[in-house]
Amino acid sequence: MKSAVGISSIGVHVPEMYISVEELARLRQVDPAKYVTGLGCNKIALCSSKDDIAELALEAAKRALSRWDGNISDIGLLAVGTESGLDMSRPLSAWIAEKLNLQGNVRSYEVKHACYGGTLATRQAVEWKLAGMGKNKVALIIAADISLYAEGDPGEPTEGAGAIALIIGEPRIAQIDPMSFPYSKPVFDFWRPIGQQFPSVQGGLSLECYIEAVKSCFADLTAGRNLEQVLNQFNAMCFHTPFAKMVKKAFFALCHEHGWDDALIEKIYQQKIDPTMEWNRETGNSYTASLWMAVARALCGLAIGERVAAFSYGSGCGAELLTLQAGPDALQGAWREDILRDLASRREINAEDYKKLRARV
Ligand code: HMG
């Protein structure tokens with residue numbers, strides 16, 4: 001029998017600046033309640049000019065490695081999920097490998113599928129291990145992104161940034177179950193043509209596609225069983241979080257389809273979903289990192305065997321529902337230190353500074 005595979009170490013990194021959505025609303029002369037209540041947004045993490053995507057990703061990787069007892073030579077696969085790559089040909093993983101001095105018999109590459117890229121990289125690592133390809137080596141997976149829309153775009157309040165690194169090997173923090181539940185459909189809901197700096201978005205369509213994907217993946221998971229009984233197995237349910245209201249809308253749509261009343265849906269949402277987005281509220285949409293930020297938050301403090309569901313969505317569109325079981329190191333949640341340190345030291349900027357920053361992008 002194959003041994004279980006999962007997350008051995010986690011590193012999280014949030015860049016050094018942020019703007020509150022209330023301040024952005026002031027700049028755009030919009031009622032702040034639209035961003036805060038209407039979309040459920042809070043803060044937008046921003047990179048300074050010295051912090052590019054490679055630096056962001058590298059810092060998360062270093063943090064995951066610093067809490068892991070292996071050596072660089074134990075890494076047999078390095079994959080970076082991102083839609084903020086630096087080159088059309090050279091993978092972002094090459095920048096990371098260079099800094100980590102990682103070379104030789106290592107498969108190193110970048111994965112792109114909008115916000116779904118980090119999950120695809122993680123799944124590939126799990127399947128690589130389960131297939132026996134990894135032998136006694138581990139995979140280093142990074143999901144990192146900087147999300148910016150054109151100034152004044154309706155997507156602007158949902159901007160954000162962040163990076164998370166996972167070492168995939170022994171399931172010390174969480175086992176990732178071998179079975180997962182994918183969904184895809186070719187659509188243009190959010191895309192960024194070659195040479196175009198900021199994304200094009202059909203906002204309404206993107207919301208519809210996300211909800212359709214949630215319904216389809218959960219239908220595949222429940223396979224005709226009672227939804228409430230299936231969801232009761234999970235201590236937490238994590239979702240790709242472009243903005244918190246998206247997650248809430250999708251969960252309500254899923255449960256309405258199963259005839260639940262609003263009071264029950266709200267109760268489960270408050271217990272099992274809303275708390276997982278604590279770090280997402282500090283970062284805004286970190287694209288590929290977004291779901292894994294929520295998973296990392298949800299795993300903190302879980303006892304062995306407690307379960308988490310994780311729904312990944314990437315425009316285009318592709319989605320996948322994963323299930324995880326906490327391992328012995330989840331309880332301590334050592335990676336929480338990363339985020340607490342970053343949040344304590346980062347700097348709030350005002351609308352004027354944001355305008356200057358955007359002029360330099
Ligand atoms: P919008 O069109 O400006 O907003 O942009 P709206 O007019 O639809 O209003 C939003 C909500 O605010 C509504 O709530 C309003 O009622 C409410 P709802 O009715 O939907 O519940 N509202 C107010 N509430 C309180 N006080 C007020 C007020 N005014 C209005 N005064 C949109 C919204 C999401 C379309 C935009 O932000 C956008 O285009 N975002 C980017 C796309 C996106 O995030 N899509 C999500 C699904 S796709 C995805 O997740 C993939 C992605 O991460 C990319 C990837 O995969 O790489 C984006």
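Just so you know, ligand 1 is whichever comes first in the structure, and atom 1 is the first atom listed for that ligand.
Distance alone, capped at 3.5 Å, is enough to place a donor-acceptor pair between the W335 side chain and the A296 backbone. D342 contributes a side-chain N or O that, together with a main-chain N or O of V14, makes up a donor-acceptor pair within less than 3.5 Å. Panel note: side chain S315, backbone C317; no donor-acceptor pair is recorded below 3.5 Å. In this structure a side-chain-to-backbone donor-acceptor pair under 3.5 Å is missing from S216 to E212.
Closest to atom 35 (C) of ligand 1 among all protein heavy atoms lies G203 CA, 3.6 Å. Considering only non-hydrogen protein atoms, atom 39 (O) of ligand 1 sits nearest to V201 CG1, 3.7 Å. Atom 41 (C) of ligand 1 has as its closest protein heavy atom Y149 OH, 3.5 Å. For atom 10 (C) of ligand 1, the closest non-hydrogen atom of the protein is L39 CD2, 3.8 Å. Distance from atom 55 (C) of ligand 1 to its nearest protein heavy atom, with residue and atom name: C115 SG, 2.6 Å. Here the heavy atom of the protein found nearest to atom 36 (C) of ligand 1 is P154 O, 3.5 Å.
Using a 4.0 Å cut-off between heavy atoms, N285 contacts ligand 1 through its side chain alone, with no backbone atom that close. Counting heavy atoms closer than 4.0 Å to ligand 1, residue F243 contributes side-chain atoms (C-beta onward) but none from N, CA, C or O.
Annotation: the span from I72 atom CD1 to L102 atom CG amounts to 6.0 Å, rounded to 0.5 Å. Rounding to the nearest 0.5 Å gives a distance of 7.0 Å between CG of L46 and CD of E159.
By heavy-atom distance, the residue among K248, K34, R192 lying nearest atom 27 (C) of ligand 1 is K34. Closest to atom 47 (C) of ligand 1 by heavy atom, among P32, G117, S206, is S206. Considering S286, A33, G155 only, the shortest heavy-atom separation from atom 40 (N) of ligand 1 involves G155.
Of all atoms in ligand 1, numbered sequentially from 1 with element shown, those under 4.0 Å from a heavy atom of A114 are 55 (C), 56 (O), 57 (O). Listed by number with element, the atoms of ligand 1 under 4.0 angstrom from any heavy atom of E83 are 55 (C), 57 (O). Close approach to K249 involves these atoms of ligand 1, each under 4.0 Å from a residue heavy atom: 18 (P), 20 (O), 21 (O). Atoms of ligand 1 lying under 4.0 Å from at least one heavy atom of M246, given by number and element, are 46 (C), 47 (C). Residue G38 has at least one heavy-atom neighbour below 4.0 Å for each of these atoms of ligand 1: 11 (C), 12 (O), 14 (O), 17 (C), 24 (N).
With salt bridges taken as basic N to acidic carboxylate O contacts below 4.0 Å, one links R297 and E278. In this structure, R281 pairs ionically with D274, as a charged nitrogen and a carboxylate oxygen lie closer than 4.0 Å.
At a 3.5 angstrom cut-off on N or O pairs, T158 does not count as close to ligand 1. At a 3.5 angstrom cut-off on N or O pairs, Y287 does not count as close to ligand 1. Considering backbone and side-chain N/O atoms, Y210 never comes within less than 3.5 Å of an N/O atom of ligand 1.
Within the cation-pi definition used here (under 6.0 Å to the ring centroid, within 45° of the axis), R358 qualifies as a partner of F198.
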- Task: Go through the steps for S206 and Q202 under the test side chain to side chain donor-acceptor pair (under 3.5 Å), then give the verdict.
- Result: CA-CA 6 Å; S206 76; Q202 291 205 58; over 6 Å; no

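Atom 44 (O) of ligand 1 is approached by the protein to below 4.0 angstrom, counting heavy atoms only.
Within the structure, the closest approach of K245 to ligand 1 falls below 4.0 Å when heavy atoms are considered.
Around CD of Q271, the count of heavy atoms belonging to other residues, nucleotides or ligands within 6.0 Å exceeds 12. Summarising the local packing, NZ of K112 is surrounded by 12 or fewer heavy atoms from other residues, nucleotides or ligands at distances under 6.0 Å.
The aromatic ring centroids of Y287 and F190 lie less than 6.0 Å from each other.
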